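In what follows, a structure is listed as structure tokens, so that the remarks can point back to it.
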Amino acid sequence: MTDLDTRAAPARPGALRRAAPALLGYAAVRALGLAVLALWSAARGKDAYTLLTARWDSLWYTRVAELGYGYEVRLPNGDVHSNLAFFPLLPWLERLVAAVSPLSYADGGLVVAVLASLAAAWGIFAVADHLYGPRAGVCAALLWAVLPVGIVQSMAYSESLFTALAAWSLYAVLTGRWVTAGLLACLAGLTRPVGLAVVAAVWAAGAAPFVRSRSTPVPHGARTGPGAPEGAGLRRAAAPDGVRAPSGAPVGGAAPGPRPRRVLGMLLAPLGAAGYVLWVGHRTGNGPLGYLDVQAGWRNGFDGGLAFARFVAEKFTSFPSAPAGLGLTLGVGLVVWLYVVCVRQRQPLPLLVYAGIVTALALCASGYFGSKPRLLLPAFPLLLPLALTLARLRTPRSALVVGVVAVASAVYGALWLNGSGPP
């Protein structure tokens with residue numbers, strides 16, 4: 001059992017002050033990305049604001065906010081693209097912003113995305129800080145900001161909103177705030193289909209104490225629970241630079257908390273996703289699995305990655321596309337390797353469950369292969385091993401690394417949005 005298993009961490013005074021370096025650094029990286037996008041778009045005769053608020057999925061969310069559900073596009077090949085594929089929380093918030101301000105629905109989507117991205121960066125910092133210390137927390141937030149597709153965090157998309165809800169739900173699990181974790185998981189389930197990953201993480205962490213109590217006999221005379229000595233359990237050794245090292249103890253990672261509140265949190269977690277999916281089934285008349293039919297109309301499905309593997313393999317059939325195939329192969333290998341490192345570093349169970357499901361759903365979906373980098377954005381636990389490595393560098397060196405990558409990310413984001421963009 002780890003020190004995270006022994007008790008819930010008390011609320012820290014000055015939480016915003018503690019997170020300020022991460023939030024300021026994150027805001028600076030995103031401001032750089034937006035500035036480069038604005039300059040690049042102007043040079044190409046395009047409007048950066050339109051790229052952020054009125055293309056691709058952002059248009060679908062705006063239509064839901066303005067007209068409600070029921071809009072669909074029938075393609076010549078027979079496919080039906082229905083806006084029922086888009087979960088409702090972001091459009092609801094866009095409608096709320098438009099109702100209380102002079103902003104349009106598209107404006108509201110951008111406001112929500114910007115605020116949610118800051119909340120997500122704060123949540124990522126909070127999780128990493130709780131596990132490994134504030135330097136690792138700052139590095140984790142900055143690494144999330146400088147991802148190659150980080151510009152999506154500033155678009156009227158749902159990735160930032162979902163990541164914020166997921167990160168804070170996982171933090172609530174780690175600190176034993178089970179009802180909060182369940183409510184946030186419920187909202188995450190109203191944001192994107194991958195909300196299933198947050199629900200599974202809450203359930204796995206909530207069930208772990210039950211399983212452990214049944215499978216592990218308590219030695220005679222051992223003291224457990226709140227009355228145990230404060231030093232009970234294995235504690236992480238502090239590294240010389242103040243970064244807490246990963247624990248080598250068995251994975252657990254959730255403060256148990258009172259059993260009724262843990263059960264209540266587990267019951268609340270799936271209500272958002274289940275409620276919307278069941279409503280879509282009722283709306284379409286296709287029963288509980290009606291949402292899968294909606295996704296099929298978009299040619300989305302889960303085939304274990306076969307279609308994606310064929311897509312990558314086809315890149316190697318000609319020289320012009322072979323470098324792209326090699327890049328995709330290396331990218332997938334990097335993602336898988338990072339997850340293996342997360343397991344070997346004994347990340348808490350809810351983080352492993354969450355990151356594993358997000359990664360599996362992103363890589364093993366059968367459609368929209370260009371969207372896969374964007375779909376991996378919420379899998380922030382994969383960045384924690386890199387954050388630990390970066391945090392152990394001296395500050396000037398880590399700042400240089402982040403700065404160089406931030407510039408590259410900003411340039412790539414501007415090139416990407418002015419080209420194919422995130423479908």
Side-chain angles (χ1 to χ4, degrees), residues 4 8-33 113-147 150 152-154 159-177 180-181 184 188 198 201 236 238-239 241-247 253-255 338 342 345 347-348 350-351 354-355 358 377-393 395 398-399 401-403 405-406 409:
L4 295 174
R12 292 171 176 169
L16 179 58
R17 191 183 327 120
R18 186 179 180 87
L23 296 179
L24 290 173
Y26 177 82
V29 172
R30 291 273 36 89
L32 173 64
V114 170
L115 295 178
S117 69
L118 288 169
W122 191 355
I124 292 169
F125 166 83
V127 170
D129 176 29
H130 179 76
L131 295 175
Y132 308 122
R135 282 181 63 88
V138 172
C139 291
L142 292 178
L143 286 173
W144 192 65
V146 303
L147 289 173
V152 174
Q153 299 162 17
S154 301
E159 273 75 10
S160 291
L161 178 60
F162 175 79
T163 304
L165 294 168
W168 283 108
S169 178
L170 291 170
Y171 178 75
V173 167
L174 295 176
T175 55
R177 298 171 174 89
T180 300
L184 291 172
V198 190
R236 301 181 186 86
D241 58 2
V243 180
R244 292 199 294 273
S247 171
L338 285 174
C342 291
Q345 289 186 346
Q347 277 190 16
L351 297 189
Y354 167 77
V358 171
L377 265 179
F380 70 89
L382 298 180
L383 299 175
L384 296 185
L386 300 178
L388 277 170
T389 300
L390 190 62
R392 293 192 177 101
L393 299 178
T395 300
S398 60
V401 171
V402 170
V405 179
S409 174

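Keep in mind that what you see is a predicted model, and the values were worked out from it rather than measured.
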- Task: Using the side-chain contact (heavy atoms from CB on, under 4.5 Å) rule, take Leu143 and Val405 through it: C-alpha gap first, then chi angles, then the decisive distance, then the call.
- Result: CA-CA 9 Å; Leu143 286 173; Val405 179; over 6 Å; no

How long is the gap from [atom1] on [X] to [atom2] on [Y], to the nearest 0.5 Å?
{"X": "Leu161", "Y": "Leu115", "atom1": "CG", "atom2": "CG", "result": "10.5 Å"}
{"X": "Cys139", "Y": "Leu393", "atom1": "SG", "atom2": "CG", "result": "8.0 Å"}
{"X": "Ile124", "Y": "Leu384", "atom1": "CD1", "atom2": "CG", "result": "8.5 Å"}
{"X": "Leu142", "Y": "Leu24", "atom1": "CG", "atom2": "CG", "result": "10.0 Å"}

- Message: Per the salt bridge (Lys or Arg N to Asp or Glu O under 4.0 Å) rule, what does the pair list look like for residues 159-170, sequence neighbours excluded?
- Response: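 Only Glu159-Arg192, Glu159-Arg374 qualify under salt bridge (Lys or Arg N to Asp or Glu O under 4.0 Å).
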
Nearest heavy atoms of [X] and [Y], plus distance in Å:
{"X": "Ala201", "Y": "Pro350", "answer": "CB-O, 3.4 Å"}
{"X": "Tyr26", "Y": "Ser117", "answer": "OH-CB, 3.1 Å"}
{"X": "Pro381", "Y": "Cys342", "answer": "O-SG, 3.4 Å"}
{"X": "His130", "Y": "Leu174", "answer": "NE2-O, 3.7 Å"}
{"X": "Val358", "Y": "Ala379", "answer": "CG1-CB, 3.8 Å"}
{"X": "Ala136", "Y": "Ala387", "answer": "O-CB, 3.7 Å"}

Donor-acceptor contact below 3.5 Å, side chain [X] vs main chain [Y]:
{"X": "Arg30", "Y": "Ala145", "answer": "yes"}
{"X": "Thr163", "Y": "Ser160", "answer": "no"}
{"X": "Ser169", "Y": "Leu184", "answer": "no"}
{"X": "Trp144", "Y": "Leu377", "answer": "yes"}

- Task: List the steps, then state whether side-chain contact (heavy atoms from CB on, under 4.5 Å) holds for Val198 with Leu165.
- Result: CA-CA 9 Å; Val198 190; Leu165 294 168; over 6 Å; no

- Side chains of Gln347 and Tyr354: do they bring a donor and an acceptor to under 3.5 Å?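 No, no side-chain donor-acceptor pair sits under 3.5 Å.
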
- Query: Can you find a side-chain donor-acceptor pair between Arg392 and Ser398 that sits under 3.5 Å?
  - Reply: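 Ser398 and Arg392 do not have a side-chain donor-acceptor pair below 3.5 Å.
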
- Using the side-chain contact (heavy atoms from CB on, under 4.5 Å) rule, take Leu131 and Leu351 through it: C-alpha gap first, then chi angles, then the decisive distance, then the call. CA-CA 11 Å; Leu131 295 175; Leu351 297 189; 3.5 Å; yes

- Answer yes or no: is there a side-chain heavy-atom contact under 4.5 Å between Gln345 and Leu388?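 Sidechains of Leu388 and Gln345: in contact.
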
- Query: Looking at side-chain heavy atoms only, is the closest gap between Phe125 and Leu23 below 4.5 Å?
  - Reply: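 They are not in side-chain contact.
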
- Residues in ring-ring contact (aromatic ring centres under 6.0 Å, His included) contact with Trp168, at least two apart in sequence or another chain: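 Once residues adjacent in sequence are excluded, the partners of Trp168 under the ring-ring contact (aromatic ring centres under 6.0 Å, His included) criterion are Trp122, Tyr171.
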
